[in-house]
A.B. asks: 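Got a structure for you, questions after.
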Amino acid sequence: SLQPSISRVGITLEAYILEGMIGLPGATGAFTSLLNQIGLTAKLITSKVRRAGLANILGYTGETNVQGEQVQKLDEVANETLLNALGRRGHCAAVASEELEELRILSTDPRARYLVVTDPLDGSSNIDVNISIGTIFGILRKAEDKAGADISDFMRPGHELLAAGYILYGSSTMLVITTAGSGVHGFTYDPTVGEFFLSHENIRIPERGAIYSINEGNSARWTEGVRRWNAWVKEEDKATGRPYACRYVGSLVADAHRTLLKGGIFAYPADQKSKNGKLRLLYEANPYAFIFEAAGGRASTGTERILDITPTELHQRVPLVLGSPHDVEIFEEFVRGA
Ligand code: AHG
Ligand code: MN
Ligand code: MN
Ligand code: MN
């Protein structure tokens, strides 16, 4: 492929994948095909999201998912769309999804070596009020070429991910993806031609920022350390850029994307009500931790690195802090020092 110094802005996602710019050294065509399936899924879901109000897929299904949340029609539509696309080419053995209590086995062929973790529709509470939502995904590889997959194949620490990314259905639709060691790249969707074009090559998070993102409504339930950090970011101190601005959309995909591009910190800490916070390790915290570290950022629970955690359950929750190295370090000092 061309020297990396030549900017590739404007290349399509398919071309970028085929040229191995975000492939894996020596990866078989199967991995490339799986990445393309995810690109197709992004196009299918974005077309449904953009017409949700017209296609009668707003509102609730009346069911409750394993999280105890009311399932939105778009949660289900996104989940089914993703499962159908991933199942089509036979490279994905199984999927762990926020919307499925158990694993979904897609292929028992030993040659189906890849596993996908996904939050098919993140930010469900924002669907009906037309605020940005997204899809989160991660790709793991089965430890050995066995037929099918079981839960043990997913109980792997996040640093074993081969790829992670998200699709943000915002003012435009953007797909941001990284494969192990290839940098973080953003592709913006042009609906007039139905293609994703590279728009943000090699995204790097600023060393520090001046925005913090947390649900202040939970402050009565935070631990002492988090409360002290929260007071610190709001003190007047020009030398350290404080007070920080506060931005909280309530969709992880939107809050994390802004933090990745502008720097600063996003936190959904543990609190007295939810001992492990709210966000799920497999398909929210791990993919974002993988992306943030690939972009030069940090991702921790406040006390330990997210990517080192070995999961024990599909839907386990973890406290999640994402952001610029400088800002995550300060947060951790407050949490440790409390
Ligand atoms: P999901 O819609 O996939 O269930 O995720 C919602 C999550 C995440 O998107 C966001 O950061 C968080 O919920 C917001 O929670 P609060 O409304 O409690 O702040
Ligand atoms: Mn949910
Ligand atoms: Mn989510
Ligand atoms: Mn979701």
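Keep in mind that the numbers below use all heavy atoms, side chains included, and drop hydrogens, waters and symmetry copies. All residue numbers refer to positions in the sequence shown, counting from 1. Order of listing sets the numbers, starting from 1, for every ligand and every atom in it.
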A.B. asks: With the Mn ion (ligand 4) as the reference point, give the N/O/S atom of Asp119 that is nearest.
C.D. replies: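 Of all N, O or S atoms belonging to Asp119, OD1 is the one nearest the Mn ion (ligand 4).
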A.B. asks: Heavy-atom distances under 4.0 Å decide this one: backbone, side chain, both or neither, for Arg280 against ligand 1?
C.D. replies: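 Looking at Arg280 and ligand 1, just side chain atoms fall under 4.0 Å.
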A.B. asks: Tell me which part of Ser251 gets within contact of ligand 1: side chain, backbone, both or neither, using heavy atoms under 4.0 Å.
C.D. replies: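 Only the backbone of Ser251 comes within reach of ligand 1.
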A.B. asks: Hey, which of Phe292, Tyr166, Phe266 is the one that makes ring-ring contact (aromatic ring centres under 6.0 Å, His included) with His257?
C.D. replies: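 Option passing the ring-ring contact (aromatic ring centres under 6.0 Å, His included) with His257: Tyr166.
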A.B. asks: Suppose we measure from atom 7 (C) of ligand 1 to each protein heavy atom; which comes out shortest, and what is that distance?
C.D. replies: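 Checked against all protein heavy atoms, atom 7 (C) of ligand 1 sits closest to Leu279 CD2, 3.8 Å.
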A.B. asks: Relative to the heavy atoms of Glu69, which atoms of ligand 1 are at a distance of less than 4.0 Å?
C.D. replies: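 That gives atoms 4 (O) of ligand 1.
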A.B. asks: Would you say Lys273 has more than 12 foreign heavy atoms packed within less than 6.0 Å of its NZ?
C.D. replies: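 Not buried by this count: 12 neighbours or fewer within 6.0 Å.
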A.B. asks: Look at the rings of Phe31 and Tyr114 and say which category their plane angle falls in: under 30° parallel, 30 to 60° tilted, over 60° perpendicular.
C.D. replies: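 Rings of Phe31 and Tyr114: tilted, 30 to 60°.
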A.B. asks: So, taking the atom named CG in Leu314 and the one named CZ in Arg280, what distance separates them when rounded to the nearest 0.5 Å?
C.D. replies: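 Answer for the CG-CZ pair, Leu314 versus Arg280, is 12.5 Å.
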A.B. asks: Restricting to N/O/S, name the atom of Asp122 that gets closest to the Mn ion (ligand 3).
C.D. replies: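 Output for this pair reads OD1.
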A.B. asks: For Ser124, take its heavy atoms, then give the atoms of ligand 1 lying under 4.0 Å from any of them.
C.D. replies: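 Counting atoms of ligand 1 from 1, those under 4.0 Å from Ser124 are 2 (O).
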A.B. asks: Among all protein non-hydrogen atoms, which one is nearest to atom 6 (C) of ligand 1, and what is the separation to 0.1 Å?
C.D. replies: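 Answer, as residue, atom name and distance: Asp122 OD1, 3.9 Å.
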A.B. asks: If you have a sec, work out which protein heavy atom is nearest atom 17 (O) of ligand 1 and how many Å separate them, to one decimal?
C.D. replies: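 For atom 17 (O) of ligand 1, the nearest protein heavy atom is Lys278 NZ, 3.9 Å.
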A.B. asks: With a 4.0 Å cut-off on N to O distance, would you call Glu224 and Arg227 a salt bridge?
C.D. replies: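 Yes, charged N to carboxylate O under 4.0 Å.
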A.B. asks: Quick one: CG on Leu115 to CZ on Phe154, what's the gap to the nearest 0.5 Å?
C.D. replies: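 Reported to 0.5 Å precision, the distance equals 4.5 Å.
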A.B. asks: Side chain, backbone, both or neither: which applies to Asp119 and ligand 1 if a contact is any heavy-atom pair less than 4.0 Å apart?
C.D. replies: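 For Asp119, only side-chain atoms sit under 4.0 Å from ligand 1.
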A.B. asks: Between Leu121 and ligand 1, find which residue part has any heavy-atom pair under 4.0 Å and reply side chain, backbone, both or neither.
C.D. replies: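 Under 4.0 Å from ligand 1, Leu121 contributes backbone atoms alone.
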A.B. asks: Return the closest protein heavy atom for atom 10 (C) of ligand 1 as residue, atom name and distance.
C.D. replies: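 Of every protein heavy atom, Gly250 O, 3.4 Å lies nearest to atom 10 (C) of ligand 1.
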A.B. asks: Starting from atom 19 (O) of ligand 1, find the nearest protein heavy-atom neighbour and note its residue, name and distance.
C.D. replies: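 Result for atom 19 (O) of ligand 1: Tyr248 OH, 2.6 Å.
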A.B. asks: Have a look at Glu284 and say which of its N, O or S atoms is nearest the Mn ion (ligand 3).
C.D. replies: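 Closest N, O or S atom of Glu284 to the Mn ion (ligand 3): OE2.
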A.B. asks: Checking one value in my table: which N/O/S atom of Glu98 lies closest to the Mn ion (ligand 4)?
C.D. replies: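 Minimum-distance N/O/S atom of Glu98 relative to the Mn ion (ligand 4) is OE1.
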A.B. asks: Would you mind checking which non-hydrogen protein atom is closest to atom 11 (O) of ligand 1, with the distance to 0.1 Å?
C.D. replies: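 So the nearest neighbour among protein heavy atoms is Leu252 N, 3.3 Å.
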A.B. asks: Report yes or no: do Ser124 and Glu69 form a side-chain donor-acceptor pair below 3.5 Å?
C.D. replies: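 Checked: Ser124/Glu69 side chains show no N/O donor-acceptor pair below 3.5 Å.
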A.B. asks: Can we say Glu236 and Lys238 salt-bridge, meaning some charged N sits less than 4.0 Å from an Asp/Glu carboxylate O?
C.D. replies: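 Yes, charged N to carboxylate O under 4.0 Å.
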A.B. asks: Residue-level breakdown please: for Asn215 versus ligand 1, do any non-hydrogen atoms fall below 4.0 Å on the side chain, on the backbone, on both, or on neither?
C.D. replies: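 The answer is the side chain.
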A.B. asks: Within a 6.0 Å radius of atom CZ on Arg111, are there more than 12 heavy atoms belonging to other residues, nucleotides or ligands?
C.D. replies: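 Counting other residues, nucleotides and ligands, CZ of Arg111 stays at 12 neighbours or fewer.
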A.B. asks: Can Ser107 and Asp109 be counted as having a side-chain donor-acceptor contact under 3.5 angstrom?
C.D. replies: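 Short answer, no.
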A.B. asks: Quick one: nearest non-hydrogen protein atom to atom 18 (O) of ligand 1, plus distance?
C.D. replies: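 Answer, as residue, atom name and distance: Tyr268 OH, 2.7 Å.
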A.B. asks: Taking atom types as modelled and ignoring hydrogens, do the side chains of Ser33 and Asn36 form a donor-acceptor contact shorter than 3.5 angstrom?
C.D. replies: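 Per modelled atom types, Ser33 and Asn36 side chains form no pair under 3.5 Å.
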A.B. asks: Do any N/O/S atoms of Leu121 come under 2.8 Å of the Mn ion (ligand 4)?
C.D. replies: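 It does; at least one qualifying atom falls short of 2.8 Å.
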A.B. asks: Is it true that the side chains of Ser274 and Arg317 contain a donor and an acceptor less than 3.5 Å apart?
C.D. replies: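 Note: Ser274 and Arg317 side chains miss the donor-acceptor criterion.
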A.B. asks: Would you mind listing which atoms of ligand 1 come within a distance below 4.0 Å of any non-hydrogen atom of Gly123?
C.D. replies: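 Going through ligand 1 atom by atom, the ones under 4.0 Å from Gly123 are 1 (P), 2 (O), 3 (O), 5 (O), 9 (O).
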A.B. asks: Which part of Glu284 is near ligand 1, with near meaning a heavy atom under 4.0 Å away: side chain, backbone, both or neither?
C.D. replies: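 The side chain, only.
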A.B. asks: Between Glu98 and ligand 1, is there a nitrogen or oxygen pair with a distance under 3.5 Å?
C.D. replies: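 Between Glu98 and ligand 1 (N or O atoms, distance only) the closest approach is under 3.5 Å.
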A.B. asks: Does ligand 1 have an atom that lies less than 4.0 angstrom from a heavy atom of Ser125?
C.D. replies: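 Judged by the 4.0 Å heavy-atom criterion, Ser125 does not count as contacting ligand 1.
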A.B. asks: Got a second to check how far Tyr268's OH is from Asn215's CG, nearest 0.5 Å?
C.D. replies: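 Reported to 0.5 Å precision, the distance equals 5.5 Å.
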A.B. asks: Picking from Arg298, Arg336, Arg208, what satisfies salt bridge (charged side-chain N to carboxylate O under 4.0 Å, His left out) with Glu329?
C.D. replies: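 Considering Arg298, Arg336, Arg208, a salt bridge (charged side-chain N to carboxylate O under 4.0 Å, His left out) with Glu329 is found only for Arg298.
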